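The block underneath contains the structure these notes are about, expressed in structure tokens.
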Amino acid sequence: MTESANEKLSKEKVKDVLHQKLIRSSENERIKENLRKQLVESGWYDNLKKHTEEVIRTKGITNLSQLVTEITPHGRASIPDHVKHSLFASIVEFVEGQQQ
């Protein structure tokens with residue numbers, strides 16, 4: 001089943017509203033800092049750095065936008081599940097706190 005245009009628009013609007021609330025509350029910075037810490041501790045940064053160096057070496061990419069396009073799928077796919085779950089839990093906690 002595919003998403004209708006209205007469903008996509010609605011999801012984007014919810015995402016935008018949530019992002020604005022996170023920024024206004026400064027919770028966004030706390031969540032980002034926690035995410036950075038977990039990514040470093042999990043070895044994700046080192047892994048992505050090695051992958052990036054390999055891509056540069058093997059493909060000879062010298063353009064930043066091409067490099068970002070090339071490494072982004074690997075970077076996203078290699079985020080450890082426990083980090084994703086922690087990020088999601090932080091966002092859910094924020095949303096639940098907003099409803100009180």
Side-chain angles (χ1 to χ4, degrees):
M1 177 168 29
T2 61
E3 255 184 328
S4 72
N6 285 339
E7 288 172 327
K8 282 184 180 181
L9 187 59
S10 179
K11 284 183 179 182
E12 285 301 314
K13 183 173 178 162
V14 168
K15 233 169 98 173
D16 289 344
V17 168
L18 175 59
H19 187 249
Q20 289 303 315
K21 285 185 177 191
L22 282 166
I23 290 171
R24 279 194 299 262
S25 73
S26 74
E27 188 66 11
N28 193 48
E29 288 305 313
R30 187 190 71 77
I31 291 173
K32 283 188 340 186
E33 186 55 39
N34 189 34
L35 176 60
R36 277 187 206 101
K37 180 181 173 195
Q38 289 183 45
L39 290 172
V40 168
E41 290 172 354
S42 71
W44 180 86
Y45 273 118
D46 292 335
N47 175 292
L48 188 60
K49 181 180 177 186
K50 287 177 188 173
H51 177 72
T52 302
E53 290 168 349
E54 182 67 21
V55 166
I56 292 169
R57 189 173 34 260
T58 60
K59 297 191 177 188
I61 295 175
T62 57
N63 178 296
L64 182 60
S65 65
Q66 288 175 331
L67 181 60
V68 169
T69 299
E70 183 70 32
I71 67 170
T72 296
H74 173 81
R76 288 183 177 159
S78 63
I79 296 171
D81 285 342
H82 74 275
V83 174
K84 292 176 188 177
H85 292 293
S86 176
L87 175 61
F88 182 73
S90 295
I91 293 169
V92 167
E93 183 180 317
F94 173 77
V95 169
E96 288 173 348
Q98 294 292 302
Q99 293 175 350
Q100 294 178 359

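Bear in mind that the values here come from a model prediction, so they are computed numbers and not experimental data.
Within the structure, salt bridge (charged side-chain N to carboxylate O under 4.0 Å, His left out) pairs that include any residue of residues 85-94 do not occur (at least two apart or interchain). Counting only residues at least two apart or on different chains, the side-chain hydrogen bond (donor to acceptor under 3.5 Å, both in side chains) pairs with a member in residues 79-90 are Gln38-Ser86. Residues in residues 9-37 take part in no ring pair (Phe, Tyr, Trp, His ring centres under 6.0 Å) pair, two or more places apart or across chains. Residues in residues 37-62 take part in these ring pair (Phe, Tyr, Trp, His ring centres under 6.0 Å) pairs, two or more places apart or across chains: His51-His74.
Classification of Glu27 and Arg30 as a salt-bridged pair holds, one side-chain N sitting under 4.0 Å from a carboxylate O.
Every residue meeting the side-chain hydrogen bond (donor to acceptor under 3.5 Å, both in side chains) condition with Glu33, not counting sequence neighbours, appears here in chain and number order: Arg36. Every side-chain contact (heavy atoms from CB on, under 4.5 Å) that Glu54 has, sequence neighbours left out, goes to Arg57, Thr58. Among residues two or more places apart in sequence or in another chain, the salt bridge (charged side-chain N to carboxylate O under 4.0 Å, His left out) test is passed with Lys59 by Glu70. Remark: Gln66 engages Ile61, Asn63 in a side-chain contact (heavy atoms from CB on, under 4.5 Å) (not counting sequence neighbours). Legend: residues meeting salt bridge (charged side-chain N to carboxylate O under 4.0 Å, His left out) with Lys32, ordered by chain and number and at least two apart, are Glu29. Checked against side-chain contact (heavy atoms from CB on, under 4.5 Å), Ile56 has the following partners two or more places apart in sequence or in another chain: Thr52, Leu67. Qualifying side-chain contact (heavy atoms from CB on, under 4.5 Å) partners for Thr72, counting only residues two or more places apart in sequence or in other chains: Val68, Arg76.
Atom CD1 in Ile91 sits 6.5 Å away from atom CG in Leu22 (nearest 0.5 Å).
Taking all atoms of both residues into account, the shortest heavy-atom contact from Ser78 to Gly75 is OG-O, 3.2 Å. The two residues Ile71 and Leu48 have their closest heavy-atom pair at O-CD1, 4.2 Å.
When hydrophobic residues (I, L, V, M, F, W, Y) are linked wherever their side-chain heavy atoms come within less than 4.5 Å, the members clustered with Phe88 are Val92.
Note on Ile23 and Val95: separate hydrophobic clusters, where clusters join Ile, Leu, Val, Met, Phe, Trp and Tyr whose side-chain heavy atoms are under 4.5 Å apart, directly or indirectly.
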